[in-house]
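Just the heavy atoms: all of them, side chains too, but no hydrogens, waters or symmetry mates, feed the values below. Whatever order the structure lists them in is the order used to number ligands and atoms, beginning at 1.
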Amino acid sequence: MNGPEASPFLAACRGERPSRRPLWFMRQAGRSLPEYRAIRGTGSILQAVKDPALAAEITLQPIRRYGTDAAILYSDIMVPIAAVGFGVDIKAGVGPVAEVPFRTRADLDRVRPLDAEGDTPYVAETVRLLVRELQVPLIGFAGAPFTVASYLIEGGPSRTYTRTKAMMLGDPQLFADLLARLADHAITSLRAQVAAGARAVQVFDSWAGALHPAHYERHVLPHSRAVFDAVAELGVPRIHFGVTTGELLGLMASAGADVVGVDWLVPLDAARARVPAGTALQGNLDPAVILAGWDATRAEAADVLARNGDHVGHIFNLGHGVLPESDPDVLARLAEFVHAQPVPEAGP
Ligand code: CP3
């Protein structure tokens with residue numbers, strides 16, 4: 001392969017025939033890798049990303065180990081909202097936590113616009129370091145307005161999103177104003193990442209699957225669409241991903257995505273039927289399968305590929321991020337296995 005120009009990942013994103021089956025793993029950089037644990041140090045990820053040399057090295061580690069067809073920036077969806085001073089922290093063993101949750105209109109004052117250069121110069125610096133080193137495209141990313149808002153409103157991770165839904169349905173104007181500001185953060189951040197050299201973008205609406213499709217369509221989709229519309233002119237493929245989004249896949253495609261990420265609960269052939277022809281799919285091996293060892297992983301990966309059939313618009317991935325307990329050797333064999341499969345001849 002000769003760098004991003006010949007990238008199988010970018011070809012598949014565009015629904016063109018790739019030179020080999022492209023693959024990368026969400027959360028490929030991080031805690032499953034011993035070389036990551038060796039250099040990571042202590043302190044929250046919000047601190048770690050302020051060190052571009054460290055963040056770039058962590059981003060590169062899985063490329064060296066697995067030969068994945070894309071890199072994803074080592075960062076977090078909470079970086080912009082933290083950088084504008086909302087007051088969020090990443091608590092070890094918990095996740096993103098808001099010191100004072102978002103509850104009233106006055107809290108909008110803590111969601112001022114993001115100035116990418118002034119607030120997060122280290123993000124673009126990390127991207128610039130990476131694109132000098134990488135032979136594969138770098139994926140930039142942002143949290144979708146809903147998923148970031150859920151942390152701000154709940155005050156931390158949630159299983160039920162009750163406060164978020166209560167605001168969405170009880171004070172829809174306040175909810176819309178918050179999501180509009182978070183959409184602007186995502187747009188500003190993605191533009192800066194692409195300007196620095198990212199070759200694709202992924203919008204993580206990880207928790208949108210908690211919503212009824214009608215609620216998603218009315219209260220969330222317009223804000224995600226604003227993000228996709230704004231980055232369309234950058235000319236890079238746009239990926240839209242969430243978990244338990246089986247009922248939302250068509251709507252998520254309609255936000256303007258070139259690629260829809262599919263979790264492991266929806267058979268890939270069923271997912272294909274839910275998005276418009278020409279939309280590429282990314283996914284969707286159950287991350288837990290890796291923990292079952294190589295034989296199970298090979299069988300399940302073969303099933304994913306069989307369900308993809310002869311569609312060239314497919315990027316192999318897990319249905320969510322690599323679990324920390326994953327054996328890197330199983331992921332390495334998985335990458336080798338997928339890369340060894342013949343590329344379909346034709347088909348959208
Ligand atoms: O240095 C570290 O501690 C690395 C692990 C870590 C990340 N984020 C990396 C990340 C930690 C502790 C966080 C904090 C965080 N942020 C958590 C806790 C979960 C955990 O792994 O301990 C959570 C849930 C968030 C919120 C978040 N960040 C979401 C919902 C997403 C979207 C992806 C998903 O899992 O649904 C992120 C993105 C993210 N966090 C990335 C990385 C490296 C980028 C995406 C990727 O690599 O695929």
Shortest protein heavy-atom distance from atom 23 (C) of ligand 1, along with the residue and atom involved: P96 CD, 3.5 Å

Pair D184 + R181, salt bridge at N-O below 4.0 Å: no

Ion pair check, R128 and E125, cut-off under 4.0 Å: yes

S75 and ligand 1 - part of the residue with a heavy-atom distance under 4.0 Å: backbone

Numbering as shown, the atoms of ligand 1 that approach M26 to under 4.0 Å (heavy-atom distance): 48 (O)

Contact check: Y151 vs ligand 1, nitrogen or oxygen atoms, below 3.5 angstrom: no

Protein contact of atom 9 (C) of ligand 1 - nearest heavy atom, named by residue and atom, plus distance: I45 CD1, 3.3 Å

Closest to atom 44 (C) of ligand 1 (judged by heavy-atom distance), picking from Y74, F141, F204, F25: F141

Salt bridge flag under 4.0 Å for residues R17 and E345: yes

Closest approach of any protein heavy atom to atom 3 (O) of ligand 1, naming residue and atom: R40 NH2, 3.5 Å

Element-labelled atoms of ligand 1 that are located less than 4.0 Å from some non-hydrogen atom of Y36: 1 (O), 2 (C), 3 (O), 4 (C)

Non-hydrogen protein atom less than 4.0 angstrom from atom 19 (C) of ligand 1: no

Between CG on residue L60 and CD on residue E35, distance to nearest 0.5 Å: 11.5 Å

F241/H320 aromatic ring centres below 6.0 Å: yes

Check: H320 N/O within less than 3.5 Å of ligand 1 N/O: yes

Basic-acidic side-chain contact under 4.0 Å: D171, R105: no

Nearest neighbour of atom 31 (C) of ligand 1 from the list D76, I77, V79, T59, on a heavy-atom basis: I77

Parallel, tilted or perpendicular, as decided by the 30° and 60° cut-offs, for the rings of H215 and H212: tilted

Basic-acidic side-chain contact under 4.0 Å: E57, R64: yes

Any N/O pair T147/ligand 1 closer than 3.5 Å: no

Closest protein heavy atom (residue, atom, distance) for atom 22 (O) of ligand 1: R31 NH1, 3.1 Å

Atom 12 (C) of ligand 1 - nearest protein heavy atom and its distance: I90 CG2, 4.1 Å

Criterion salt bridge (Lys or Arg N to Asp or Glu O under 4.0 Å) on D329 and R333, from CA distance to verdict: CA-CA 6 Å; D329 291 338; R333 291 182 76 168; over 6 Å; no

Residue and atom name of the nearest protein heavy atom (relative to atom 5 (C) of ligand 1), distance in Å to one decimal: R27 NH2, 3.3 Å

Atom 36 (O) of ligand 1: the protein heavy-atom neighbour that sits closest, reported with distance to 0.1 Å: S206 OG, 2.5 Å

Heavy atoms from other residues, nucleotides or ligands near CZ of R40 exceed 12 (cutoff 6.0 Å): yes

